Amino acid sequence: QVQLVESGGGLVQAGGSLRLSCAASGRTFSSYAMGWFRQAPGKEREFVAAISRSGSSTYYVDSVKGRFTISRDNAKNTVYLQMNSLKPEDTAVYYCAATSGPASYLASSPPGYWGQGTQVTVSS
């Protein structure tokens, strides 16, 4: 089992940047593919990005490609989401997720573990 704690959310102006972090408990972090999801008010939770166990493969939803970068540090049990050129439509609660399956599965299948979420608000 793994526990996930997100941090780094906040209020930023359009065009600005934020870096989200997700710290995972346990000694088996490198055995999980990791991802980020988001949920805007009144909308369903959606996949944002995923990264393989080694960090060699990454996946993104089209709306964030070229603006967001997912990365991980297995020595620190942490996954990151660097968000640049933020837009008001990026406003949402962002959730970290872990899966024992392939990272690519996160785009279409629910993960096994969720964090509690961190709020990101982008003002226009």
Side-chain angles (χ1 to χ4, degrees):
Q1 188 168 351
V2 62
Q3 293 183 326
L4 307 172
V5 179
E6 302 96 334
S7 61
L11 173 63
V12 64
Q13 289 188 332
S17 298
L18 281 176
R19 188 176 81 155
L20 305 183
S21 299
C22 173
S25 65
R27 296 178 290 178
T28 58
F29 177 72
S30 60
S31 66
Y32 293 95
M34 302 296 297
W36 289 93
F37 290 71
R38 66 186 179 186
Q39 187 167 18
K43 296 187 177 181
E44 293 186 352
R45 192 171 299 188
E46 68 167 348
F47 167 79
V48 175
I51 188 166
S52 62
R53 291 167 182 76
S54 66
S56 61
S57 297
T58 57
Y59 307 85
Y60 299 93
V61 68
D62 286 347
S63 60
V64 308
K65 285 180 180 177
R67 300 189 298 123
F68 291 11
T69 302
I70 188 171
S71 62
R72 66 189 296 163
D73 186 337
N74 286 345
K76 295 183 178 179
N77 284 11
T78 302
V79 62
Y80 306 96
L81 186 67
Q82 177 67 45
M83 305 185 294
N84 299 328
S85 302
L86 283 161
K87 305 175 180 180
E89 51 264 43
D90 295 318
T91 295
V93 177
Y94 283 71
Y95 297 89
C96 179
T99 182
S100 55
S104 58
Y105 283 16
L106 284 171
S108 58
S109 302
Y113 304 97
W114 292 103
Q116 84 288 351
T118 185
Q119 176 70 48
V120 171
T121 303
V122 184
S123 64
S124 58

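Everything numeric here is computed off the predicted structure, so don't read it as measured data.
Atom OH in Y59 sits 6.5 Å away from atom OG in S52 (nearest 0.5 Å). We find the CD1-CE distance between I70 and M34 to be 8.0 Å, quoted to the nearest 0.5 Å. The distance from the CG atom of L81 to the CD atom of E6 is 11.0 Å, given to the nearest 0.5 Å. Note that CG of L86 and CZ of R67 are 6.5 Å apart. Values are rounded to the nearest 0.5 Å. To the nearest 0.5 Å, the span separating CH2 on W36 from CZ on F47 amounts to 13.0 Å. Residue F29 holds its CZ atom at 11.5 Å from CZ of R53, rounded to the nearest 0.5 Å.
Of the residues T91, T121, L18, the one that meets the side-chain contact (heavy atoms from CB on, under 4.5 Å) test with V12 is L18.
Across S21 and T78, no two heavy atoms sit closer than the pair CB-CG2, 4.3 Å. Among all heavy-atom pairs drawn from A24 and L4, the shortest one is CB-CD2, 3.7 Å. Taking both residues in full, the closest heavy atoms of S123 and L11 are given as CB-CD1, 4.3 Å, listed atom of the first, atom of the second, then distance. S71 and V79 get closest at one heavy-atom pair: O-CG2, 3.1 Å. Smallest separation of non-hydrogen atoms from V120 and G9: CG2-CA, 4.2 Å. When all heavy atoms are compared, the tightest approach of R72 to A33 is NH1-CA, 4.0 Å.
The side-chain tip of R45 does not point at the ring of F37 from less than 6.0 angstrom away and within 45° of straight on.
In the hydrophobic clustering of this structure, L20 groups with V61; members are Ile, Leu, Val, Met, Phe, Trp, Tyr whose side-chain heavy atoms approach within less than 4.5 Å, directly or through other members. At a threshold of 4.5 Å between side-chain heavy atoms, the hydrophobic network of Ile, Leu, Val, Met, Phe, Trp and Tyr places W114 and Y80 in two separate groups.
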Apply side chain to side chain contact (heavy atoms under 4.5 Å, CB included) to the pair M83 and D90, showing each step before the final yes or no. CA-CA 9 Å; M83 305 185 294; D90 295 318; over 6 Å; no
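Between Y113 and Y32, the ring centre distance stays below 6.0 Å.
Annotation: Q119, atom CD; neighbour count of heavy atoms from other residues, nucleotides and ligands within 6.0 Å is above 12.
Between V48 and F68 the shortest side-chain heavy-atom distance falls below 4.5 Å.
No donor-acceptor pair closer than 3.5 Å links the side chain of S56 to the backbone N or O of S54.
Taking a cutoff of 4.0 Å between a charged side-chain nitrogen and a carboxylate oxygen, D62 and K65 qualify as a salt bridge.
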